[in-house]
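Residue numbers start from 1 in every chain, and the chains themselves are labelled A, B, ... in the order their sequence lines are given, proteins ahead of strands.
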Number of protein chains: 2
Amino acid sequence: MSKIWFLEDVNVFGALCPHKTKRYRERNHFCQYGKQDYIYFEEDAATKVYLIEKGKVKLGYYAEDGKEVVRAILTKGELFGEKAILGEESRSEFAQSLDAQTMVCPVPVGQMQELMRSNRTFSLKVYKFLGMRFKKLERRLDLLLFKDATTRVKEFLDELADDFGYCCPNTGDTVIKHPYTQKDIASLIGTSRPTLNAIMNDLKAVNFLDFSRNEIRLKVA
Amino acid sequence: MSKIWFLEDVNVFGALCPHKTKRYRERNHFCQYGKQDYIYFEEDAATKVYLIEKGKVKLGYYAEDGKEVVRAILTKGELFGEKAILGEESRSEFAQSLDAQTMVCPVPVGQMQELMRSNRTFSLKVYKFLGMRFKKLERRLDLLLFKDATTRVKEFLDELADDFGYCCPNTGDTVIKHPYTQKDIASLIGTSRPTLNAIMNDLKAVNFLDFSRNEIRLKVA
DNA sequence: TTCCAAATGTAAGCTAGCTTACATTTAAAG
DNA sequence: CTTTAAATGTAAGCTAGCTTACATTTGGAA
């Protein structure tokens, strides 16, 4: 499902990206980041929205005890910093490059809003995009409220399959090449890292899936 | 904090409400609902945003096991159904009147979006409003992830104080007259009802607060 | 005024999942 | 090719908070 949205987003934001227009390119550039580089920090002024051209970006924040909390890890074609459109003034999270060669295209909020005003179709797509993010949050909250850790893992894997999965032509398994560590996943679904690991191995034991460092295979039933 | 927004919302949506214009009033009316009446159900087409003129509205949904889950209870001046603006097609929750005399002002999404296009200030306020709702969700999620039940109760009471509280001139206590039952609150903060009750009585025992059916007093320190 | 259904109060017993601690494996950097 | 920090695997012990069950109180309906 989110796959469908993802594609629509690409249409929208691909069309949007100002680097396609020559005049803009003269003034601005894609921004490049190395591994671990921060694109923005918590508390930074929220003046731009970013489209990922290449690489991986981690969004998260630091809890009072200093522990890093992961909100999401996004890749090529995905958008982040969108709360700036909704009047956020300072960032409530950091954005950090995970790859040695991450490229993002920054779009000033003002430009975004101007486009939304002048192009009804575009604005509706942005609304839908924001609505999706909203629902995703609500879904996470509901899972946290009512589902046990194993169920949350399975739901997370389903989402992951939408974003990164493809069907293995030989086995029919869904192969997911993803950028998450077990620590990240644990943080996202609200369990401890050891618990997540145990669950993953249980699911492997019952042949629900197989996994290695950066690949998960959901077995066909 | 949310109080400030609340007031701004009133400005915006007060100015917006089409019943102020005579022509509109001839065609549409405020909608009245009795106790327990549903304003919309889950799965209903999401074509309108609603402003509460009077009374109380409960938003929630039913879990698979049939248990009711409360998302929020809103009162005069507050807005709901706003996901319709963000391209939601069918409701993911129900809206139910809690008072014998609840009045709401429905605003079609199309009209809303037209206004947003034609009035930049208005659209920015709507964006900010949506951003607030977004942050509220994120805050709830973070609390659920990292805080124990007692902390969540206290945070909830702080929010409640913003929405319904006033300072008692004699004692200096913050008095909160609210529409929630303990069951509602438990559902909102993600605990069981017995646990919430125990916590409330513990907080009463340590003189942090006092409470009866529909009033909570946060004691001055 | 009485009655009833909903709301609130309370306790016992159980368990999912946390914390902590440590071992093992892996991949990236020099 | 070695080194090393990060990632992953595993287990023991503990506890917050759940479930269940029941008692008591309360406000509104009749």
Side-chain angles (χ1 to χ4, degrees), chain A residues 34-36 56 58 60 63 65-70 73 96-101 143-154 156 177-205 209-216, chain B residues 34-36 56 58 60 63 65-70 73 96-101 143-154 156 177-205 209-216:
Chain A
K35 197 158 199 153
Q36 318 270 353
K56 296 195 281 267
K58 173 157 79 180
D65 60 8
K67 230 177 23 184
E68 178 186 280
V69 182
V70 180
I73 294 183
Q96 182 186 31
S97 162
L98 287 189
D99 279 0
Q101 293 262 326
L143 284 172
L144 217 49
L145 280 171
F146 302 112
K147 305 298 185 182
D148 65 11
T150 302
T151 307
R152 299 206 300 274
V153 170
K154 289 181 176 177
F156 175 80
K177 291 189 185 295
H178 64 88
Y180 294 91
T181 67
Q182 291 189 3
K183 184 160 141 262
D184 295 333
I185 298 174
S187 174
L188 277 165
I189 69 173
T191 66
S192 67
R193 206 263 316 154
T195 297
L196 174 73
N197 179 262
I199 290 170
M200 290 294 282
N201 281 299
D202 287 351
L203 292 177
K204 183 192 275 186
L209 54 71
D210 199 357
F211 70 98
S212 62
R213 277 275 164 125
N214 39 42
E215 180 179 314
I216 297 174
Chain B
K35 197 160 199 151
Q36 318 269 353
K56 295 195 282 268
K58 174 159 75 182
D65 61 6
K67 230 177 23 185
E68 179 185 281
V69 182
V70 180
I73 295 182
Q96 183 186 32
S97 162
L98 286 189
D99 278 0
Q101 293 262 325
L143 284 171
L144 217 48
L145 280 172
F146 302 112
K147 305 299 185 183
D148 66 9
T150 302
T151 308
R152 299 206 300 274
V153 170
K154 288 181 176 176
F156 175 81
K177 291 190 184 295
H178 64 88
Y180 294 92
T181 67
Q182 291 190 0
K183 184 160 140 262
D184 295 333
I185 297 173
S187 173
L188 277 166
I189 68 173
T191 67
S192 67
R193 205 262 316 152
T195 296
L196 174 74
N197 179 262
I199 290 170
M200 290 292 284
N201 280 298
D202 287 352
L203 291 176
K204 183 191 276 186
L209 54 72
D210 199 357
F211 70 98
S212 62
R213 275 276 164 123
N214 39 43
E215 180 179 315
I216 298 175

(request) Could you pull out all residues at least two apart from B/Lys183 that satisfy side chain to side chain contact (heavy atoms under 4.5 Å, CB included)? (result) B/Thr181, B/Arg193
Could you run down the sub-3.5 Å N/O contacts of the protein with nucleotides 25-30 of chain D?
unit_1, atom_1, unit_2, atom_2, d
D/dT26, O4', B/Arg213, NH2, 3.3

(message) Quick one, B/Asn214 and B/Lys177 - any side-chain contact, counting heavy atoms below 4.5 Å?
(response) no
(message) Run the side chain to side chain contact (heavy atoms under 4.5 Å, CB included) test against B/Lys35 and tell me which residues pass, sequence neighbours left out.
(response) none
(request) Would you indicate whether the side-chain heavy atoms of A/Val153 and A/Ile189 approach each other to under 4.5 Å? (result) yes
(message) If the cut-off is 4.0 Å, is A/Asn197 near the phosphate of D/dT8, judged by side-chain N/O to OP1 or OP2?
(response) no
(request) Round to a whole Å and report the spacing from CG of A/Leu203 to C1' of D/dG9. (result) 15 Å
(message) Could you check whether any side-chain heavy atom of A/Arg152 comes within less than 4.5 Å of a side-chain heavy atom of A/Phe146, counting everything from C-beta outward?
(response) no
When you compare the protein's N or O atoms with those of nucleotides 14-20 of chain D, which come within less than 3.5 Å of each other, and at what distance?
unit_1, atom_1, unit_2, atom_2, d
D/dG17, OP1, B/Ala149, N, 2.8
D/dC18, OP1, B/Ser192, N, 3.3
D/dC18, OP2, B/Ser192, N, 3.0
D/dC18, OP2, B/Ser192, OG, 2.8
D/dC18, OP2, B/Thr195, OG1, 2.6

(request) Can you tell me the distance, in whole Å, between the CD atom of B/Glu68 and the C1' atom of C/dA7? (result) 14 Å
(request) Could I get the full list of side chain to side chain contact (heavy atoms under 4.5 Å, CB included) partners for B/Gln36, not counting sequence neighbours? (result) B/Gln96
(request) Give a yes or no on whether the backbone of B/Gln101 and the side-chain of B/Asp99 come within a donor-acceptor separation of less than 3.5 Å. (result) no
(message) What is the distance, to the nearest angstrom, from the CG atom on B/Asn201 to the C1' atom on D/dA23?
(response) 15 Å
(request) Quantify the bending of the helix from C/dT1-D/dA30 to C/dG30-D/dC1 as the angle between its end axes, each fitted on five pairs, to 10°. (result) 50°
(request) May I ask you to say what B/Tyr180 touches in the nucleic acid, namely base, sugar-phosphate or nothing, with a heavy-atom cut-off under 4.0 Å? (result) nothing
(message) Is any side-chain heavy atom of B/Leu203 closer than 4.5 Å to one of B/Phe211?
(response) no
(request) Check whether any side-chain heavy atom of A/Ile185 sits under 4.5 Å from a side-chain heavy atom of A/Leu188, and report yes or no. (result) no
(request) Check whether any side-chain heavy atom of B/Glu68 lies under 4.5 Å from a side-chain heavy atom of B/Lys58, and answer yes or no. (result) yes
(message) With a 4.0 Å limit, can you tell me whether B/Gln182 has a side-chain N or O closer than that to the phosphate oxygens OP1/OP2 of C/dA6?
(response) no
(message) If you define the side chain from C-beta out and look only at heavy atoms, does anything of B/Thr195 sit under 4.5 Å from B/Ser192?
(response) yes
